[in-house]
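Residue numbering restarts at 1 for every chain, and letters A, B, ... go by the order of the sequence lines. This is a predicted model, so every value here is computed, not measured.
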2 protein chains.
Amino acid sequence: MNFENQIHGRPECTVERALDVIDGKWTTLILRDLLSGTRRFGELRSSLSGISPKTLTDRLRALETQGVLTRQVFPEIPPRVEYTLTDKGRALGSVVHALAEWGAQWT
Amino acid sequence: MNFENQIHGRPECTVERALDVIDGKWTTLILRDLLSGTRRFGELRSSLSGISPKTLTDRLRALETQGVLTRQVFPEIPPRVEYTLTDKGRALGSVVHALAEWGAQWT
DNA sequence: TGCTATAGTTTCTGATAATGAACTTTGAGA
DNA sequence: TCTCAAAGTTCATTATCAGAAACTATAGCA
């Protein structure tokens with residue numbers, strides 16, 4: 001059982017609160033891909049080479065819950081689902097950009 | 001800028017390469033604390049409330065290996081060890097800053 | 001009738017991270 | 001001699017994340 005939230009509540013530190021949203025490696029990479037525009041499930045699955053459909057679904061649902069992206073289902077056969085960043089999600093561009101710049105200069 | 005990734009070897013994408021260094025929640029929080037100056041093991045242990053000494057040691061050693069920080073041991077009893085960011089580590093300030101700003105505005 | 005396509009879901013399994021508690025080392029001071 | 005402090009280490013256990021493979025639903029098409 002996890003009483004972390006009960007003990008600490010909403011973290012005071014804004015860095016910690018941000019990290020609660022972008023947790024894990026795949027999450028940031030999904031953000032990276034969606035920053036250049038709306039993508040379908042299958043498109044993300046290809047560009048994030050190596051991700052399993054389960055993990056991709058998990059991460060997308062978590063980001064949707066946090067309000068970082070929206071999921072639009074088109075009632076077609078075969079199904080079409082599009083993922084788009086919200087304003088909140090697009091604002092994370094600064095974080096992804098900072099990572100990219102650091103990675104370019106120091107790694 | 002190129003956000004696409006490559007299948008073989010060292011990732012082409014600079015975001016991915018950056019994420020190889022700052023992996024996990026604690027790592028970023030350690031960075032946050034060291035950005036305001038040199039800290040001792042015990043100081044980090046207190047400011048990162050809840051971290052176990054094993055985890056703190058593991059993360060600090062990994063960051064040292066990546067060249068993000070230096071570890072200076074003073075031959076005293078009881079021991080004193082100081083952790084300081086390198087230029088490479090200080091450059092991650094932009095990432096931590098972007099996280100803080102986003103967290104402040106959107107969470 | 002069977003095939004295809006997309007966007008998943010389900011179940012099982014494994015790797016990595018992190019936790020908690022107890023223990024270690026060493027010299028100085030009571 | 002006993003105790004204390006700092007910075008760990010060690011061991012056992014749990015939590016979390018991720019992966020592989022198989023399965024589902026449905027309409028259009030040949």
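Listed nucleotides dG20(C), dA6(D), dC12(C) differ in distance to Ser52(B); the shortest reach to its side chain belongs to dG20(C). Checked against dT6(C), dA17(C), dG8(D), the side chain of Arg61(B) finds its nearest nucleotide in dG8(D). Considering only the side chain of Trp26(A), dG19(D) comes nearest among dA7(C), dG19(D), dG8(D). Among the nucleotides dG8(C), dA18(C), dG19(D), the one closest to the side chain of Ile51(A) is dG19(D). In the set dT9(C), dA18(C), dT26(C), dT26(C) carries the atom at the smallest distance from any side-chain atom of Ile77(B). Comparing atom distances between the Pro53(B) side chain and each of dA18(C), dG19(D), dG8(D) picks out dG8(D) as nearest. Closest to the side chain of Tyr83(A), out of dA18(C), dG8(C), dG8(D), is dG8(C). Nearest nucleotide to the side chain of Lys54(B), out of dA18(D), dG8(D), dT10(D): dT10(D).
If you take CG of Leu60(B) and C1' of dG8(D), they are 11 Å apart, rounded to a whole angstrom. Rounded to an integer number of Å, the gap from CZ of Phe41(A) to P of dA5(C) is 17 Å. Here dA5(D) presents its P atom at 13 Å from CZ of Arg45(B), a figure rounded to the nearest Å. dA20(D) atom P lies 14 Å from atom CG of Leu56(A), rounded to whole Å. Taking atom CZ on Arg71(A) and atom C1' on dA7(C), their separation rounds to 8 Å, with Å as the unit. Rounded to an integer number of Å, the gap from Leu29(A) CG to dA18(D) P is 10 Å. Taking atom CG of residue Asp58(B) and atom C1' of nucleotide dG20(C), one finds them 14 Å apart after rounding to whole Å. As a whole-Å value, the separation of Arg39(B) CZ from dA6(D) P is 16 Å.
Each of Arg80(A) and Arg59(B) lies near DNA chain C, and the nucleotide nearest Arg80(A) is the one positioned closer to the 5' end. The 5' end of DNA chain D is approached more closely, in terms of each residue's nearest nucleotide, by Asp23(A) than by the other of Asp23(A) and Pro79(A). Taking the nucleotide of DNA chain D with the nearest heavy atom to each of Pro78(A) and Thr27(A), the more 5' of the two is matched to Thr27(A).
Taking only side-chain nitrogens and oxygens, Arg40(A) never comes nearer than 4.0 Å to OP1 or OP2 of dT6(C). For dA7(C), neither phosphate oxygen OP1 nor OP2 lies less than 4.0 angstrom from any side-chain nitrogen or oxygen of Thr57(A).
Listed here is the closest heavy atom pair of Ile30(A) and Leu60(A): CG2-CD2, 4.0 Å. Of all non-hydrogen atoms in Thr14(B) and Ala100(A), the two that sit nearest each other are OG1-O, 3.0 Å. Of all the heavy atoms in Ser94(B) and Ala91(B), the pair that sits closest is OG-O, 3.3 Å.
One distance of note links CZ of Arg59(B) with CG of Leu29(B); it measures 12.0 Å at 0.5 Å rounding.
In this structure, Arg39(B) forms no cation-pi arrangement with Tyr83(B), as its terminal cationic atom is not both closer than 6.0 Å to the ring centre and no more than 45° off the ring axis.
The closest side-chain heavy-atom distance from Arg40(A) to Leu44(A) is not below 4.5 Å.
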